[in-house]
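A quick note: this is a predicted structure, and the numbers were derived from the prediction, not measured. Just so you know, these numbers use all the heavy atoms, side chains as well, and skip hydrogens, waters and symmetry mates.
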Amino acid sequence: MGRNINVEVDASKSMGIQEHLWRFIGYDECNYTYIPEGVELLRKFAALGDAPYYVRTHFMFCTGNCHGTYKFGSTNIYWENPEGEAVYDFTYYDKIIDALLDTGNKPFVELGFMPEALVDTNYLTPVSGGWERYNQYKESGWTCPPKDYDKWHAFIWAVVSHLTERYGKEEVASWYFELWNEPDIFYWKGTAAEYCKLFDFTEHAVHAALPEARLSGPAVTGIFEGGHAQKFFDFFLAHCKEGTNYCTQTQGTRLDFITFHVKGGGFPFEMHAKKAVPSVESLVHQVKLGLDSIVKYGFGDREVVLSEADPDGWAAGGVYDNANMIFRNTEYYATYVASTYEKIDRLCSMYQIKVRPLAWAFLFPGERCFEGTRTFTTQGIDKAVFNLFKIYGQLGDEKLQLESDGARSMDFLQEPDIGIKNQSQYTGEGEDTDVSGFAVRGKDGRIQIVLYSHNNDRDKEEELSVTVHVTGLSAAQAGIQHFRIDAEHSNPYAEWVRQGKPLFPEGEQYQAIKRRDGLERLCGDTEIEVTDNAATLCFAMPAHAVSFIVVEEKR
């Protein structure tokens with residue numbers, strides 16, 4: 001047995017509200033929303049105990065055939081007649097919004113990207129012919145600023161007015177709206193000032209149609225000390241605070257909440273890549289730098305959504321593109337999310353800012369089983385990471401005190417260069433395993449403990465001896481349920497490997513894998529003695545695991 005870890009939970013000490021900060025997901029391909037596989041997964045999220053979940057997706061304004069493909073989608077919402085007058089077609093846009101609401105979820109509406117008829121072609125190289133023009137649009141035309149900001153304003157007003165009329169003011173006011181995606185890189189051909197101009201016209205149009213709507217920006221990429229994203233982010237916040245509004249010519253721009261992105265690493269197409277893993281510390285440090293800027297410019301009272309918060313940056317890439325994507329199939333993905341979300345929760349307390357991470361993951365229809373893409377399911381089989389969300393969904397709202405002597409210190413937040421791990425061949429080797437989590441009181445009064453063990457090194461093999469001491473109990477007996485995500489529990493990937501890694505399993509082979517995709521118990525339910533108002537649990541945890549322990553006082 002390896003290190004001894006001691007965890008103290010005080011059931012009598014309320015620490016306030018436990019925010020369910022994880023209730024946000026998203027994906028690139030908007031047309032996957034209403035296909036049968038997409039609807040099935042959305043219903044699974046809506047069935048979680050803390051639903052609805054907010055769903056963000058790209059390409060909602062784009063021009064195309066309205067059929068989803070990797071990294072593209074379209075709705076044909078906007079076009080112009082021969083006289084240059086705007087024509088709106090909400091057919092496919094409504095299909096997407098309807099699917100989110102009909103499954104019991106909520107839209108996180110991304111306002112982007114540029115419809116073909118609104119593209120300012122001065123940002124593009126001239127081409128001739130319909131095919132060349134459309135291929136250019138699919139490749140980069142949708143990243144252009146509008147040819148006419150007044151037409152863009154009218155378009156945004158029409159969209160929000162349509163949504164309000166179709167779904168009602170109260171409903172739409174409960175959604176989130178966000179302008180664009182990662183305008184600091186290739187998603188936006190304009191400058192930072194031009195993005196601010198787009199935001200000003202958008203903000204004016206959105207709130208002219210629905211004053212209660214919540215609108216955010218700028219959704220920049222990961223923030224590193226002195227990097228381009230940080231400069232773009234600061235430029236935008238300064239503009240909203242005290243800049244001249246491009247639309248109204250007054251000072252400042254209304255900003256209801258703020259978004260930016262954080263990633264733990266980057267794995268490009270490299271078929272024979274050397275070992276690399278995502279860094280928990282790099283991701284959390286990016287959150288810290290973003291919050292520092294928000295406080296600096298006087299927006300510390302705003303809610304923050306990390307509208308993409310993930311181990312890495314290429315959702316559609318899989319193990320056949322880069323072998324390091326293997327972690328997405330395993331328990332590692334679940335423990336990575338558990339570790340980062342717990343630290344983000346700590347940052348919420350440190351900064352007194354509500355921060356919500358959005359998992360940029362969904363599904364890819366037609367993929368090979370366990371393709372290694374960043375998904376919650378593969379061929380309808382729930383992956384280990386989705387079982388973590390099944391745990392989260394059961395939790396109550398009252399935070400209890402939990403302390404672990406195996407928790408990773410937050411001292412790394414003071415290391416300005418820690419983000420370099422995001423750019424290098426980082427392996428995590430030699431690091432101690434991080435063991436921590438949080439405890440809450442469930443809606444039924446039971447004590448719920450979520451404890452994770454995570455090591456950035458995906459190959460780390462270790463068995464930790466964990467002792468959980470629960471105090472503040474008032475009954476003589478306590479019933480214990482212990483659920484586990486690890487290499488052998490709540491993890492259909494292990495069964496898929498046992499079945500010979502079939503690319504398209506069917507029949508009994510598929511059923512054998514599917515039977516292992518739920519949340520499984522580590523052991524049978526038990527009852528233990530409570531002495532001096534305390535109970536002790538002892539068990540082993542490997543380097544990558546999540547334990548969900550439910551303690552019920554027997555009165």
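- By the 6.0 Å and 45° rule, Lys95 stacks over the aromatic ring of Tyr92.
- Checked options Tyr93, Tyr149, Phe201, Phe61; the residue passing with Phe155 is Phe61 (criterion: ring-ring contact (aromatic ring centres under 6.0 Å, His included)).
- Considering Tyr53, Phe45, Phe364 in turn, Phe45 is the only one that fulfils the ring-ring contact (aromatic ring centres under 6.0 Å, His included) rule with Phe376.
- Using a 4.5 Å heavy-atom cutoff, the side chains of Phe199 and Trp180 are not in contact.
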Check step by step if side chain to side chain contact (heavy atoms under 4.5 Å, CB included) holds for Tyr78 and Lys151. CA-CA 11 Å; Tyr78 180 98; Lys151 283 191 172 184; 3.9 Å; yes
Worked verdict on Ser14 versus Lys399 for side-chain hydrogen bond (donor to acceptor under 3.5 Å, both in side chains): CA-CA 6 Å; Ser14 177; Lys399 184 193 290 284; over 6 Å; no
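- If you run ring-ring contact (aromatic ring centres under 6.0 Å, His included) between Tyr195 and each of Phe233, Tyr187, Tyr246, Phe236, only Phe236 comes through.
- When all heavy atoms of Phe412 and His285 are compared, the pair lying nearest together is O-CD2, 3.7 Å.
- A cation-pi arrangement is present between Arg214 and Tyr176 under the rule of less than 6.0 angstrom and at most 45 degrees off the ring axis.
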With ring pair (Phe, Tyr, Trp, His ring centres under 6.0 Å) as the test, would you mind laying out the steps for Tyr54 and Phe108 before giving the verdict? CA-CA 5 Å; Tyr54 289 88; Phe108 188 107; 7.4 Å; no
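- Here Glu308 pairs with Arg56 in a salt bridge; the nearest charged N to carboxylate O distance falls below 4.0 Å.
- By the neighbour-count criterion of 12 heavy atoms within 6.0 Å, atom CD1 of Ile185 is densely surrounded, having more than that number from other residues, nucleotides or ligands.
- Taking every heavy atom of both residues into account, Leu198 and Pro146 meet most closely at CD1-CD, 3.7 Å.
- Counting non-hydrogen atoms of other residues, nucleotides and ligands closer than 6.0 Å to CD of Glu171 gives a total above 12.
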Apply the test side chain to side chain contact (heavy atoms under 4.5 Å, CB included) to residues Arg356 and Val304: give CA-CA distance (whole Å), side-chain angles for both, the deciding distance (0.1 Å), then the verdict. CA-CA 6 Å; Arg356 284 74 165 86; Val304 175; over 6 Å; no
As a quick check of understanding, evaluate side-chain hydrogen bond (donor to acceptor under 3.5 Å, both in side chains) for His239 and Asp200, giving each step before the final call. CA-CA 10 Å; His239 172 79; Asp200 291 349; 2.8 Å; yes
